2 protein chains.
Amino acid sequence: MGAITAREAKPTINDVAREAGVSKKTVSRVINRSPLLNDATREKVEKVIAALGYVPNPQARALALRRNFLIGLIHDNPNAQTVLNVQEGILSAIRDTEFALVVRPVNRRSPRMLDDVRAFLEQQRLFGVLLMPPISENDELARVCEELGVGYVRMGSAQLDSGEHLVESNDREAVRKAMEYLVALGHRRIAFVAGPEGFRSARERELGYRDAVKAAGLPQGPELEAAGNYTFETGKLAGDKLLDATERPTAIYSCNDEMAAGVLHAARERGLSVPDDLSIVGFDDSPIAAHIWPPLTTVRWPVAAMARTAALKLIDPGHASGQPALFPSIFIERGSAAPPRR
Amino acid sequence: MGAITAREAKPTINDVAREAGVSKKTVSRVINRSPLLNDATREKVEKVIAALGYVPNPQARALALRRNFLIGLIHDNPNAQTVLNVQEGILSAIRDTEFALVVRPVNRRSPRMLDDVRAFLEQQRLFGVLLMPPISENDELARVCEELGVGYVRMGSAQLDSGEHLVESNDREAVRKAMEYLVALGHRRIAFVAGPEGFRSARERELGYRDAVKAAGLPQGPELEAAGNYTFETGKLAGDKLLDATERPTAIYSCNDEMAAGVLHAARERGLSVPDDLSIVGFDDSPIAAHIWPPLTTVRWPVAAMARTAALKLIDPGHASGQPALFPSIFIERGSAAPPRR
DNA sequence: TTGTACGCGTTATCAG
DNA sequence: CTGATAACGCGTACAA
C-alpha cells in the first residue's frame, strides 16, 4: 500500500504544477531540462514529480511537438538472426531515451509493397525509419520516405545514398579477403554460390569473388558458379551442381552462411569430408555458422553496430552526419577451410 | 504534379470539415463509422477525405481517446527465429488495423528487469503487451502490467494465468508422444537433456520425459540426465557427459533443437553415426532442425499461431475470451531417429 | 527566471 | 441526424 494506485487517473503536468506551486510551463521546463531555471525551483519540482510518480504523456507531447518518438524498422530479410541483431542494435541506440522501436516487415515481391509502406508511414507518422537490406536497396522506397517527410537511414553494402541517409558495409572487400585466405591455403579451383538477383549485397559479394579470381589468376567459368537465393535449400542445390562437375572444386565460397550449410549438406551426402576434401567459407557469421559441423569459417557482418549507428543518425542528425559510416567486416577463421588434400 | 505535396501541413479534420461544409464531429463520425449518419453526408465527406488525402493523426486520437494503438512484445527469448515467428504472428493479427507493434527485449537476469519494464510501460502507455516465454512465466511481470492498467496476454506452456490472459501450448504431452515414438522404435535407454532452471517450458518438457519413462518402465537415473540452458554449447556439454557414460544411451531427447544440435556435435566428435549409433530428438522445429545433418526429428511448437491468437485476444477482448486457447504441438519425423542398432 | 493564453488534432457531451 | 463547445496533456509565444 502507500504506493500510487495506478488505474485511477495518472498525475498530469497540472497536478505537478499545482502541488509544487508553480506554473505548468515551469514543470515543462524541468522535464525538458531547460537551462534557464532556478536550481531551487527545479529541485522543488523534481521532488513533487518523484512523489507523484509523474510520467509525461508521450501522446500529448507528440501532439504538441508535432512529432512522435517512434522509430520504425522496415525489413524483408529472410534471416531471423540478422533481423534480431538489427533490432538489438537499434534498441541499444535508443535505450534510455523516450524512443521506442516499431517493426514492420514487408513483402519485397508484393506489387503493393510501396503502397503498404506509404499507408503505414502516413498512418503512424513515425519519427523516422530504418531500412535494412535487401529492401533498403529500393530507391523508390527511400523516395517515399522523403516525400512523406519521414526521416530515414538505409543500411547497405554499397553507396546507396548520401551520407546522412546511409550506413555502409564493404562486402566486396570482405569477400575478396576471404578468397585470398583460400588462395593462401593453396586452393586454385574455387567455386562460388551466388546470392539472389536484385540483392545489392549479393552483387557486391560476387564482385569480391571475381576480384580475387582475377587477381590470383584462378580458373573460372560456369562450372564454378551456381545460383542461390540465400536459403539453405538453394545452397544444397548449388552444392549438388558444383560437386557433380567433371572437375570438382577444392573449395566453395558461399555468399552467406545458410547456403554454406546447404553446401556442407551436399558434400556430406557425397561422402566428402570437410575441410579435407572440400573447404567451405560463408558470409554473415550467423549463429548457424558456429553450430554446424565443422564450425564454419566465415565473414562477420557487423550488422548490429551498423543498425546502432543508423539509429543514432536518425534520432540525432548531428551525430556524424557527414561521413557515410563505413563498417568493416571481420574474417572469422573456424574449421571448415583447410589446405586442399595432396 | 497535382498530387498533394506532403511536407507542407497535412490536411486535418478541420480542413475536411470546412471543405465538406460540415462540422468536424461529423467528419469524426465518418472516420469512426458511426451508424447514425446520413448516407448522403457520409459520401460527401468521404469524397473530400479522398480528395484531400486526409489521414487521421494517431497522436491526436491517442490523446483524445486516452489510449493509443501500440501493442508491445516483451521478450527475452534467446532463439531468434522464435522471436521473429512471434512477431509475424502478432503482425498477422493486426494487419489492416491501426495497431502497430513495438518490440522490447528485456534481460531476464537483470535485477532491474521489472523496473525497466515498468518504466517502459509507464512511458509508452501501450494499449497492451504480449509476454512471450520464458519471461511470460514471471508472475511479477504480469502483476506489473495489471497494476499499470496495461492489457496483457501471456504465451506459455502451462496454465500460468486465467483464460483472458493466456495462450497455451502443451509441451508435456508433446514430449511424451515424442518419447513414445522412440520407445516404439525399440529404444529403452533414452537420456534427457534438460532446459534451464526456472523455465516453465523446460519443466513441462521434463515432466513429459518422466511420464514416458514411467509409463514404459524405462531405465532412469543421473547417468541418463544432463543439465542445459537451451544453448548449443550446453547441449554439446550434455552430449559429452551422456555419451561418455559407462552404459551409453541409444537415444537422447533434448529439450530444444539448439541443444540437440550440440548433442549431435558431441556424437560426431566421438565418431558416432546418427541415427544408427544414436537417435536424437529435439523440440521447437527451429530452422536449425532442418539445416543440420541429419535433419532433426523434432516437435513443432506452433508459436506463430499462438502469438496471433494472443494478439487478437489483446485487441479484441471479445475474441474467445473464455477458453485459454490451447495449441497442440506437432511431431515432425525427419532423419535423426531410427531403431537402435542390433 | 517565471507565468498567461493559446494551439496541436481528435473525440465526448449534450443540446438542437 | 448534426453541431457548438469543452476536454485530452503538453509546448510555445510573449509578456511580466
Side-chain angles (χ1 to χ4, degrees), chain A residues 6 8-46 48-49 52-70 98 122-127 149, chain B residues 4 6 8-46 48-49 52-70 98-99 122-127 149:
Chain A
E8 7 262 316
K10 293 196 160 193
T12 75
I13 197 172
N14 295 303
D15 300 327
V16 176
R18 186 172 3 87
E19 200 76 12
V22 299
S23 78
K24 63 182 199 175
K25 177 58 198 170
T26 302
V27 179
S28 173
R29 287 201 177 89
V30 172
I31 297 169
N32 296 299
R33 308 176 189 293
S34 163
L36 19 76
L37 232 175
N38 194 319
D39 277 350
T41 56
R42 156 171 294 129
E43 279 181 33
K44 181 172 60 179
V45 172
E46 279 174 345
V48 175
I49 288 180
L52 259 45
Y54 166 70
V55 180
N57 181 322
Q59 275 77 40
R61 274 167 65 81
L63 183 58
L65 288 169
R66 263 164 298 178
R67 71 194 190 90
N68 63 21
F69 295 92
L70 298 176
E98 47 197 338
E122 281 187 325
Q123 218 177 72
Q124 299 297 333
R125 316 240 171 140
L126 303 182
F127 177 84
Chain B
I4 306 93
E8 9 261 314
K10 292 195 162 195
T12 75
I13 198 171
N14 293 302
D15 300 327
V16 176
R18 187 173 0 88
E19 200 76 14
V22 298
S23 79
K24 57 186 199 175
K25 179 59 194 170
T26 300
V27 178
S28 174
R29 286 199 180 91
V30 172
I31 298 169
N32 296 296
R33 306 177 191 291
S34 162
L36 21 76
L37 200 61
N38 192 320
D39 277 351
T41 55
R42 156 171 294 130
E43 278 181 32
K44 181 173 60 179
V45 172
E46 278 175 344
V48 176
I49 289 180
L52 260 46
Y54 166 70
V55 180
N57 181 321
Q59 276 77 40
R61 273 167 65 82
L63 182 58
L65 289 170
R66 265 166 295 177
R67 73 194 189 87
N68 63 20
F69 294 92
L70 298 176
E98 47 198 337
F99 284 93
E122 282 187 324
Q123 217 178 72
Q124 298 297 334
R125 317 243 169 137
L126 302 183
F127 177 84

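Bear in mind the structure is a predicted one, so any value in this text is a computation, not a measurement. Letters A, B, ... mirror the listed sequences (proteins, then strands); counts begin at 1.
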Of the listed nucleotides C:dG9, C:dC6, C:dT1, the one nearest the side chain of B:Ile13: C:dG9
Touch class at under 4.0 angstrom, heavy-atom based, for B:Thr41 against every strand present: sugar-phosphate
Position toward the 5' end of DNA chain D (nearest nucleotide), B:Arg42 or B:Ala64: B:Arg42
Spacing between B:Leu65 atom CG and C:dG9 atom C1', to the nearest angstrom: 12 Å
Most 5' of B:Asn32 and B:Arg29 on DNA chain C, judged by nearest nucleotide: B:Asn32
Between C1' of C:dG9 and CZ of B:Arg18, the distance in whole Å: 14 Å
B:Phe127 and B:Phe69 aromatic ring geometry - parallel, tilted or perpendicular at 30°/60° bounds: parallel
Donor-acceptor contact below 3.5 Å, side chain B:Gln124 vs main chain A:Glu98: yes
5′-ward residue of the pair A:Pro58/B:Thr26 relative to DNA chain D: B:Thr26
Verdict with supporting geometry, B:Val30 and B:Glu46, side chain to side chain contact (heavy atoms under 4.5 Å, CB included): CA-CA 7 Å; B:Val30 172; B:Glu46 278 175 344; 3.8 Å; yes
Residue that, paired with A:Val27, satisfies side-chain contact (heavy atoms from CB on, under 4.5 Å) out of A:Thr12, A:Asn14, A:Val22: A:Val22
Sugar-phosphate only, base, or nothing, as touched by A:Val22 at under 4.0 Å among non-hydrogen atoms: sugar-phosphate
N/O donor-acceptor pair under 3.5 Å between B:Arg42 side chain and B:Arg29 backbone: no
Distance-only donor-acceptor test (3.5 Å): side chain B:Lys25, base C:dT11: no
Atom-pair distance (CG on A:Leu63; P on C:dC6), nearest Å: 18 Å
A:Ser23 side chain near C:dG3 phosphate (N/O to OP1/OP2, under 4.0 Å): yes
From A:Arg18, A:Lys25, A:Arg61, A:Lys24, residue fulfilling side-chain contact (heavy atoms from CB on, under 4.5 Å) relative to A:Ile13: A:Lys24
Net bend of the helix from C:dT1-D:dA16 to C:dG16-D:dC1, end axes of five pairs each, nearest 10 degrees: 30°
Separation of C:dT10 P from A:Asn57 CG (nearest whole Å): 17 Å
Closest approach of B:Thr26 to B:Leu37 (non-hydrogen atoms, all atoms of both residues): CG2-CD1, 4.3 Å
Working for side chain to side chain contact (heavy atoms under 4.5 Å, CB included), residues B:Tyr54 and B:Ile31: CA-CA 10 Å; B:Tyr54 166 70; B:Ile31 298 169; 3.5 Å; yes
A:Asn14 CG to C:dA5 P, straight-line distance once rounded to whole Å: 14 Å
B:Lys24 NZ to C:dA12 C1', straight-line distance once rounded to whole Å: 12 Å
Under 3.5 Å donor-acceptor, A:Asn68 side chain and A:Arg125 backbone: yes
First and last nucleotide of DNA chain D, 5' to 3', lying under 4.0 Å from heavy atoms of chain A: D:dG9 to D:dT12
Whole angstrom value for the distance that separates C1' of C:dT11 from CD of A:Gln59: 15 Å
Exercise: identify the closest heavy-atom pair between A:Ala17 and A:Ser23: CB-C, 3.8 Å
